[in-house]
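Below is one structure, written out as structure tokens, with a few remarks after it.
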Amino acid sequence: MDLLIDVIIETIIDTVKIFPFLFLTYLLMEYLEHRAGDKTLSWLKKSGPLGPIVGALVGLFPQCGFSAAATSLYAGRIVSLGTLMAVYLSTSDEMIFIMVKNQVSPKVIGSILLVKFITGMAAGLIIDGVCRLGKKKKDTGYHIHEMCESEHCHCENGIWKSALIHSGKVTLFIFILSFAITYFMEKIGVEGIQYVTIGQSYGVIVLAAIIGLIPNCAASVALAELYAWGMLGEGALIAGLLVGAGIGLMVLIRVNKKPLENIKIVALLWAIGVGVGCLIKALGITFV
């Protein structure tokens, strides 16, 4: 019973911290749709080449609210897929705090963040480049007004009310899913994850990347703890942390009404994480 109460309180706190990011993001999107007009949206889209660089920098801040905001902007087709992927790959979540708590060297923490930034920026730029080469003449994206229609937010009642409805629905979805995941992670604990990730093989890198996909900060906490204890190699750590997009993946499922596209995004994220993790192991790179 105590565990259940603790999980409920923890989930409420985490969800409340996310709400301001979502509300401000949807408020911006509503403003762009109803006030700024097509010219502003066009300008934002044309600024895309710099998007992955900015996204990779923003993701480094230890706050998963940025990945949630970036996901909502992507669902409205305000930012590119490359920018979204850059944010996902560089998102640090709780990793920094766990490393500091375990007295991991600042040099090691800096090296990990640098790898995440470079990977996010490079992957984002490449993805956007490929998307531009294969871009269709007809724009079939899921735009802001389509999102409003699917959410039945009654935008005609004002952007503040509409943004509140949007963010409220997504926040409720996040709370329910976060509660279930947090309860499960508390049950198995770091020790449970240890049984499937301990070691230095390529198989461990693959497993670490699967664990990293869990849309909850508990995954990055567990991976960081195991690395600090010397029970996880650099390749597996990086693979797991790169795919750890926090609640961004929850928001993606909720707001991007294209299930097949969502699956492709998650698969691409996982593949990049595993690929970089295996490369680090193959090259014998260490952060000490």
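Numbers for residues simply follow the sequence, beginning at 1.
Residues W270 and I210 meet the side-chain proximity criterion, which asks for heavy atoms closer than 4.5 Å. In this structure, the side chains of I265 and M85 come closer than 4.5 Å at one or more pairs of heavy atoms. For the pair I280/V115, a side-chain contact is recorded, criterion being any heavy-atom separation below 4.5 Å from C-beta on. Residues L268 and I127 meet the side-chain proximity criterion, which asks for heavy atoms closer than 4.5 Å. Looking only at side-chain heavy atoms (C-beta outward), T71 and Y88 come within less than 4.5 Å of each other.
Clustering ILVMFWY residues whenever any of their side-chain heavy atoms sit less than 4.5 angstrom apart, transitively, puts L242 in the very cluster that holds L237. Hydrophobic clustering keeps L249 apart from L260 (ILVMFWY residues linked when any side-chain heavy atoms are closer than 4.5 Å, directly or through intermediates). Under the 4.5 Å side-chain contact rule for hydrophobic residues, L113 and V87 do not share a cluster. L84 and L241 fall within a single hydrophobic cluster, where Ile, Leu, Val, Met, Phe, Trp and Tyr side chains are chained together by heavy-atom contacts under 4.5 Å.
I205 approaches A236 most closely through the heavy-atom pair CG1-N, 3.7 Å. Residues A209 and V243 come closest through the heavy atom pair O-CG2, 3.1 Å. Scanning both residues, S67 and A245, for their nearest heavy atoms gives OG-O, 2.9 Å.
Contacts of L114 classified as side chain to side chain contact (heavy atoms under 4.5 Å, CB included), with partners at least two apart in sequence or in another chain: I118. Judged as a side chain to side chain contact (heavy atoms under 4.5 Å, CB included), and not counting sequence neighbours, the contacts of A123 are L89, I272. Residues passing the side chain to side chain contact (heavy atoms under 4.5 Å, CB included) test with V108 are V104, S105, I112, Y227, F287, sequence neighbours excluded. Take I8 and apply the side chain to side chain contact (heavy atoms under 4.5 Å, CB included) test, not counting sequence neighbours, and it matches L4, I12, F179.
The structure places CG of L213 at 6.0 Å from CG of L269, a figure rounded to the nearest 0.5 Å. Note that CE of M250 is 12.0 Å distant from CG of L252, once rounded to the nearest 0.5 Å. Rounding to the nearest 0.5 Å gives a distance of 13.5 Å between NZ of K116 and OG of S111. The structure places OG1 of T83 at 9.0 Å from CG of L50, a figure rounded to the nearest 0.5 Å. Between the CG atom in L279 and the CD1 atom in I285 there is a gap of 6.0 Å [rounded to 0.5 Å]. Interatomic distance, CG of L60 versus OG1 of T91, reported as 8.5 Å (0.5 Å rounding).
For the pair N256 (side chain) and A75 (backbone), a donor-acceptor distance under 3.5 Å is absent. A distance-only check finds a donor-acceptor pair linking the side chain of S90 to the backbone of A56 [under 3.5 Å].
Side-chain atoms of Y74 and S80 include no donor-acceptor pair closer than 3.5 Å.
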